[in-house]
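Below is one structure, written out as structure tokens; comments come after it.
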Amino acid sequence: PDPAQPWVGQRVGCLGGGQLGQMLALASLPLGLRFTFLEPQEGAAAAAVGRQLVGPYDDPALLQRLGEESDLVTFEFESVPETSAALLAESGPVFPPPRALAVGQDRLLEKQLFQSLRIETAAYAEVGSPAELAAAAQMGLPALLKSRRLGYDGHRQCLVLEASQLEQAWQELGQVPSILERLVPFERELSVLGVRGREGETATYPLVENHHQEGILRLTLAPAPQLTPELQAEATAIAGALLEQLEYVGVLAVELFQMEGRLLANEIAPRVHNSGHWTIDGAPCSQFENHLRAGLGWPLGGTENSGYTAMLNLLGEEPDPDEVLTLPDAHLHLYGKEPRPRRKLGHVNITGEDPRRVTAQLKALAKALRVSVPASADPASYWSVGSP
Ligand code: AMP
């Protein structure tokens with residue numbers, strides 16, 4: 001870049017080239033930025049809006065090229081090899097900080113971080129052997145045995161209802177370093193997104209409520225129905241403590257359980273997050289733009305909700321555009337990915353000032369797409385407390 005105008009034509013490198021990378025690059029275009037992705041999958045979603053280097057995330061030559069051709073580097077998934085992030089950090093700024101990756105990749109470090117900040121979690125214990133597992137089970141069952149490090153879908157946690165199932169769970173998980181975590185009878189699942197800039201300034205988006213289907217996020221309601229100022233303050237404090245402790249730069253997602261009016265932290269994602277897709281149409285500044293602004297050292301944009309948004313993920317198949325776009329407040333976002341069962345192919349944001357109107361359209365869309373809508377999305381209770 002021109003030293004007199006260092007902001008012109010900045011180049012962002014990104015590890016990973018899926019839909020999150022695509023949406024980051026989309027947000028970057030009006031800001032005058034250019035993206036290069038390192039991604040092994042040929043013709044990745046992000047390649048539609050940036051340049052793609054095709055190859056493994058830990059290829060030294062490609063990492064060097066990405067570093068040389070970027071003024072700053074970020075990542076769009078959390079299983080980025082920590083060594084790759086560290087290597088890139090030697091030649092230029094990498095955000096979020098690689099340390100956040102290390103924590104996000106290890107459930108034990110995550111839990112310990114929460115604990116050190118007095119953020120409440122489900123009771124848990126570290127497990128490294130069958131004997132430790134038996135000892136951990138003394139804290140009570142049912143519990144989930146979760147592998148410390150990310151496995152692949154469904155293969156990294158195992159429900160243990162009674163002591164006789166411990167041995168089998170240990171085997172099923174692959175005898176890997178794990179944690180045993182008490183099952184929490186939570187009322188609902190929420191998440192909060194915080195963003196921290198290079199000078200340490202922070203902003204937090206409203207808490208949102210998440211609904212999953214077969215373990216995959218299906219629906220986000222933003223803000224979370226019945227959101228009180230107290231609950232939001234608790235979430236903001238949790239996000240703020242984590243951002244500060246990690247000396248974080250960029251967007252951080254925190255997945256939470258609500259139980260008896262309190263928040264328990266489940267896990268963090270050191271990146272932009274699916275439960276923040278509503279911000280594209282429902283907030284003054286999207287999570288994608290704010291992530292970039294943070295990394296660039298630019299002022300952060302507004303994070304308050306500009307109305308009510310229901311975000312419905314499109315899984316497995318692309319809908320007929322007519323079914324979506326006939327709804328006046330629906331925004332269709334497709335990622336251009338090959339359809340495959342359960343795959344995230346896009347999302348729809350329905351945003352408006354009147355929650356009843358949003359709810360009615362959500363229901364119509366869900367019906368057309370044959371998706372069930374949770375009871376909390378009933379107009380009678382939906383967003384009845386708290387105004388945007
Ligand atoms: P995780 O991989 O930790 O995000 O867990 C996946 C899902 O399992 C969460 O979204 C929850 O629905 C459920 N889950 C995880 N941990 C617990 C827990 N301690 N108690 C109850 N449900 C949990």
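Every number for a ligand or one of its atoms is a count from 1 in the order of the listing.
- Side chains of His211 and Leu221 form a contact here, defined as non-hydrogen atoms less than 4.5 Å apart.
- Annotation for ligand 1: atoms under 4.0 Å from non-hydrogen atoms of Phe257 are 11 (C), 14 (N), 15 (C), 16 (N), 17 (C), 18 (C), 23 (C).
- Here the heavy atom of the protein found nearest to atom 20 (N) of ligand 1 is Val184 N, 2.8 Å.
- Of all protein heavy atoms, the one closest to atom 4 (O) of ligand 1 is Glu267 OE2, 2.8 Å.
- Close approach of ligand 1 to Glu181 (heavy-atom distance below 4.0 Å) involves ligand atoms 16 (N), 17 (C), 18 (C), 19 (N).
- Two residues are said to be in side-chain contact when any heavy atoms from C-beta on lie closer than 4.5 Å; Glu234 and Leu207 fail this criterion.
- Side-chain contact between Val251 and His273 is absent, with no heavy atoms from C-beta onward closer than 4.5 Å.
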Original post:
Checking ring pair (Phe, Tyr, Trp, His ring centres under 6.0 Å) for the pair Phe114/Tyr124: CA distance, chi angles, key distance, verdict?
Top reply: CA-CA 12 Å; Phe114 292 142; Tyr124 74 95; 9.4 Å; no
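- Looking only at heavy atoms of the protein, atom 8 (O) of ligand 1 is closest to Gln157 NE2, 3.5 Å.
- Nearest to atom 2 (O) of ligand 1 among the protein's heavy atoms is Arg107 NH2, 3.0 Å.
- Contact of the Arg148 side chain with the Ile179 side chain is registered, since non-hydrogen atoms from C-beta on lie closer than 4.5 Å.
- Taking every non-hydrogen atom of Leu144 and a distance limit under 4.0 Å, the qualifying atoms of ligand 1 come out as 14 (N), 15 (C), 16 (N), 17 (C), 18 (C), 23 (C).
- When only interatomic distances are considered, the shortest N/O to N/O separation between His212 and ligand 1 does not fall below 3.5 Å.
- In this structure, atom 18 (C) of ligand 1 is in close contact with the protein, since a protein heavy atom lies within 4.0 Å of it.
- Of all the heavy atoms of Arg182, the ones lying under 4.0 Å from any atom of ligand 1 belong exclusively to the backbone.
- Contacts of Asn274 classified as side-chain contact (heavy atoms from CB on, under 4.5 Å), with partners at least two apart in sequence or in another chain: Leu217, His277, Met311, Asn313, Lys344.
- Between Arg107 and Glu181, none of the side-chain N atoms (NZ, or NE/NH1/NH2) sits under 4.0 Å from a carboxylate O, so this pair counts as no salt bridge.
- Residue, atom and distance of the protein heavy atom nearest to atom 22 (N) of ligand 1 are Phe186 CE2, 3.3 Å.
- Side-chain contact check for Trp278 versus Asn305: some heavy-atom pair is nearer than 4.5 Å.
- Between His333 and His331, the angle of the ring planes lies from 30° to 60°, which puts this pair in the tilted group.
- For atom 10 (O) of ligand 1, the nearest protein heavy atom (residue, atom name, distance) is Glu189 OE1, 2.6 Å.
- The protein atom (non-hydrogen) at minimum distance from atom 15 (C) of ligand 1 is Lys146 NZ, 3.4 Å.
- The atoms of ligand 1 that sit less than 4.0 Å from any heavy atom of Leu183 are 20 (N), 21 (C).
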